[in-house]
Amino acid sequence: MAQEQASQLALAGKVAIVTGASQGIGSDIAKVLASDGAQVVLVGLGADAGQAVAQSIGDSACFIEADVTSDEAIDRCIDFVAEKFGRLDILVNNACSYVDQGLGSSRDQWFQTLNVNLISAAIFTQKAVPHMGKGSVVVNLGSTGGKFGAAGRAIYPASKAAMLQITRNFAVDLAPKGIRVLSVSPAWTWSPATQSMSAGNIEVADAVGARFHPLGRVGRGEEVGNVISFLATDKASWMTGVDIPVDGGFSMLGPDQGVSPREWFVRLGPDALA
Ligand SMILES: NC(=O)c1ccc[n+]([C@@H]2O[C@H](COP(=O)([O-])OP(=O)(O)OC[C@H]3O[C@@H](n4cnc5c(N)ncnc54)[C@H](O)[C@@H]3O)[C@@H](O)[C@H]2O)c1
């Protein structure tokens, strides 16, 4: 990319960290931020996968293998960014664990999943903030899963609901420094989780997802990345402490999925007694 073109991109000159970026939505977010001009430091588990994502992005990305539940590992990431770039503009707390057995979850499972999904986001933010200046942004990954009841789950949705709460709290604390804190809440998004449920067939995922997302399919990680990229620009300079659904309309529907009662009676009618 010509230097002149690169300097006109929305995130030109900015430095970003994306956690959990060696696969899934995190890797898609990293790709979008880089294509919008940021230098992106991908943080996560799995050196081979992480390096491969960084290499696919090119010179504007690098990967650091780091477990976000380790304070020492977070320090290593922050020190690297401080030494290499001398600034940090965007932190995306994306890393997550889906380990969750609902009501049957053990104490250890509660600790582990909350540690990855929630506590590590809080500590990463705490350690990043001293390197962030006015106009910087922290974006936390929420989920529609943290907004509604669902069978057999407890830890993951609790962690995601809590992400929205720390977003508000940190937004208050960091507003005087000019640092904005936001969350995005995707619904079903094409990623290893949805890939495993649809045997890797995106048409199947879209067809099943169409029933629950008015826009008629599952989301794409790039679409989550696009919203985060916008939030990281000065065009979102008056936004902080709020959650942005990136969900194809999933969360605007009630349990009737946007279908009228009359239509449900037509569809189910006497069959409901069977
Ligand atoms: N996939 C969806 O449909 C969906 C929907 C709503 C929200 N989300 C959110 O989007 C984000 C990404 O989801 P995904 O489906 O791509 O998940 P994923 O499991 O594919 O990726 C999560 C990443 O986090 C990393 N990770 C896990 N533990 C870690 C640790 N201790 N240290 C560092 N990295 C660690 C994993 O290695 C992986 O790269 C999550 O925050 C998730 O809650 C996903």
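All ligand and atom numbering here is 1-based and tracks the order in the structure. These values consider heavy atoms only, across backbone and side chains, with no hydrogens, waters or symmetry-generated copies.
Listed by atom number, the atoms of ligand 1 under 4.0 Å from W188 heavy atoms are 3 (O). Near L45, with a cut-off below 4.0 Å to any heavy atom, the atoms of ligand 1 are 28 (N), 29 (C), 30 (C), 32 (N), 33 (C), 34 (N), 35 (C), 37 (O). Atoms of ligand 1 found under 4.0 Å from any heavy atom of K160, numbered from 1 in the order shown, are 40 (C), 41 (O), 42 (C), 43 (O). Close approach of ligand 1 to Y156 is summarised as follows: ligand atoms under 4.0 Å from at least one heavy atom of the residue are 7 (C), 8 (N), 9 (C), 42 (C), 43 (O). Counting the atoms of ligand 1 from 1 in the order shown, those under 4.0 Å from a heavy atom of A66 are 32 (N), 33 (C). Near A187, the atoms of ligand 1 lying under 4.0 angstrom from a non-hydrogen atom of the residue are 3 (O), 4 (C), 5 (C), 6 (C). Close contacts between ligand 1 and D67 involve ligand atoms 30 (C), 31 (N), 32 (N) [criterion: under 4.0 Å to a heavy atom]. For ligand 1, the atoms sitting less than 4.0 Å from at least one non-hydrogen atom of N94 are 10 (O), 11 (C), 12 (C), 40 (C), 41 (O), numbered in the order shown with element in parentheses.
Residue V68 touches ligand 1 through backbone and side chain together, judged by heavy-atom distances below 4.0 Å.
Annotation: side chain of M163 is not in contact with side chain of S183 (no heavy-atom distance under 4.5 Å). The side-chain heavy atoms of V99 and I155, taken from C-beta on, include no pair separated by under 4.5 Å. Between V18 and V43 there is no side-chain heavy-atom pair separated by less than 4.5 Å. Looking at heavy atoms from C-beta onward, N115 lies in side-chain contact with S120 at the 4.5 angstrom threshold.
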| request: Go through F250 and F212 one step at a time and tell me if the ring-ring contact (aromatic ring centres under 6.0 Å, His included) criterion holds. | output: CA-CA 6 Å; F250 182 104; F212 307 101; 7.1 Å; no
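Between the side chains of N117 and S97, no donor N or O sits under 3.5 Å from an acceptor N or O.
At least one N/O-N/O distance between Y98 and ligand 1 falls below 3.5 Å. At least one N or O atom of S191 sits closer than 3.5 Å to an N or O atom of ligand 1.
Under the 4.0 Å criterion applied to side-chain N and carboxylate O atoms, K134 and D89 are not assigned as salt-bridge partners.
For atom 16 (O) of ligand 1, the nearest protein heavy atom (residue, atom name, distance) is I25 N, 2.8 Å.
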